[in-house]
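Both ligands and their constituent atoms are indexed starting at 1 by order of listing. Predicted model, so just to flag it, every value in this text is computed and none were measured.
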Amino acid sequence: MPSAQTLSSALETLLEKRPHAPDEIATLVRVGSLLNSTLDLGEVLRLAMEEAANAMHAEASSILLVEEKTGDLVFEVATGAKGDETRRVRLRPSEGIAGWVVAHGTPARVDDAQQDPRFTTRVDRNTNLVTRSVLCVPLKVKDRMIGVLEVINKRGEQPFTDRDQEFLTLLSHLIATAVDNAQLYRKVYEEKETLRAVLDGMADGVLVVDTDDRILLHNRAILDLLDVAAAEICLEKLDDPRVSGLANRLAREERSTVSFNLEYHRHEEPTTLANTAAVLRDPSGGVVGAVMVLRNITELARVDRMKNDFISATSHKLRTPLTSILGFASILRNEKLRNTTGENAGELVGSAAAAIEEQGRYLRSLIEKLLNFTGMELDNFRLEKEPVEVSLLIEEAVQVVRSWAEAKGIRLAGGSELLAAEAYVDRRKMVQVLANLLENAIKFSPPGTTVTIGAEGAEDRLCFWVSDQGPGIAREEQERIFEKFYQVDRDLTGQVEGAGLGLALCRNVVSAHGGSITVESARGSGSTFSVDLPVA
Ligand code: ADP
């Protein structure tokens, strides 16, 4: 917008030079107040240039602006009978008299354009108009050229005069300032819109507060993260003791950023948000507020907790057999024992070595289970499915546990109706599932009892089952036994080994196949585990 000062100094200059120029003054005053009235210049500039053309008795007038990206001259306004056609043309940098004015920064006044080597005929060709006289002055903001004002064809076959040139130059001061302000305003507005789009496109919540905790800026994601309505956050001060006073705290501690976690209830769910706050300074370096970026890390925090639980439970499991291995090893190293001969000593060495071997084997199976389990927990855990005969799956699983069952005095029986049917599964992993179920059944069954494995089918389902006559599982435990590391109290099961991972592993594999695993049991009357798979 032209300042009052620009306008009055323009008028003073004009009055000094032309004390009797009321027409021009009236036009400048009108144009000045028009330009002052709005930042939306389109229509105002056209009116201003119509006034200018009238005041100078010109056939047409125009404003050409330099396009920032290309340097081309583009018609912002073109008045007169052929205004619309004129606006369709754009001039290359330095093209025509207008281009020359921009390049040289000085006005050009031409009596017969057709005779002027700087003149371009491109506009005339588009408009079917013949340009004769031309007056063109630069639009300058400080030393920056932003375009030109041009009037053509003074009526009555007259050339433009010194007085016209002075008048157009004065007008150019008013218009240049107004156009510059409007462009600046548009730039600021566009930048603000871009910032808003970027902020609202972010998945992280953003909150900008001043040193009094008033909210200056927020994005859409923050509303969802903090579970508050837009109106509330716009109107209210930040009212949370954990984040209020942040800007002042950063200033006091002379820190530029601070990070901490916040526990919230979001949609009634416990939620963990990671907050990174950075200090906001004014150009002189004073602290004026803080910018907070909040990210929902609930899932990450849960995984982290699980990882820690896993590590501590695993270390605990590994320590028990290791302690007994170390204990027996130190017996073997015992000086007295080594120097003793005789049957007793031999027996002691034999049983210590056997215990070490047994515990070592157990340790190895534990580690294998752990490795399997961590492999199955990875996101890229892939199944390699193939059609396999049901009888083969069962046979391979039985093979894994046969000698152990015999050693424990447990009878293994088959109860299948479906041995010839085919299952479409990851063979290795499915055998592992069945072997795990058989292992558990054998582990918990008293000697002399029977463990049965079988398969049965419906139209679209295939069901493997493993049944035992062991201690059974109380109803309240039946869901929990599928959780990682969960074991029923050993006083009830007499269990001495295991990591509590077998059933969790089974559930992972079965659900990856789109199936489910369940148990039917009651304390004292055995258990039946069923693996229910969809038939592909
Ligand atoms: P573990 O390696 O400890 O056996 P699992 O995940 O395979 O771990 O089993 C979890 C718990 O479920 C066992 O510790 C045991 O308490 C119970 N359980 C599993 N199978 C049986 C079964 N056939 N009879 C009785 N209890 C069982």
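Residue F529 places a heavy atom less than 4.0 Å from ligand 1. For S527, the closest heavy-atom approach to ligand 1 falls below 4.0 Å. Ligand 1 does not have E477 within reach: every non-hydrogen atom of the residue lies 4.0 Å or more from it.
Here atom 26 (N) of ligand 1 lies nearest to I473 when heavy atoms of N440, V466, I473, V519 are compared. Among L437, T528, D468, the residue whose heavy atom lies nearest to atom 23 (N) of ligand 1 is D468.
The G502 neighbourhood of ligand 1 comprises atoms 5 (P), 6 (O), 7 (O), 8 (O), with distances under 4.0 Å to a heavy atom of that residue. Taking a cut-off of under 4.0 Å to the non-hydrogen atoms of K443, the atoms of ligand 1 that pass are 1 (P), 2 (O), 4 (O). Taking every non-hydrogen atom of L501 and a distance limit under 4.0 Å, the qualifying atoms of ligand 1 come out as 6 (O), 8 (O). The ligand atoms of ligand 1 that sit less than 4.0 angstrom from a heavy atom of I481 are 6 (O), 10 (C), 11 (C), 12 (O), 17 (C).
Counting heavy atoms of neighbouring residues, nucleotides and ligands inside a 6.0 Å radius, atom OH of Y189 does not exceed 12 of them.
Side-chain contact check for S312 versus N308: every heavy-atom pair is 4.5 Å or farther apart. Residues L318 and I367 have side chains in contact (heavy-atom distance under 4.5 Å, counting atoms from C-beta outward). Here the side chains of R90 and T70 are in contact, with some heavy-atom distance below 4.5 Å. Counting heavy atoms from C-beta on, the side chains of V390 and F464 come closer than 4.5 Å.
Side chain of S521 to main chain of G526: a donor-acceptor pair is present (N/O by atom type, distance under 3.5 Å, no hydrogens or angles).
By the 3.5 Å distance cut-off applied to N or O atoms, F444 is not counted among the residues near ligand 1.
In the model, S284 has a side-chain atom that pairs as donor or acceptor with a side-chain atom of D282 under 3.5 Å.
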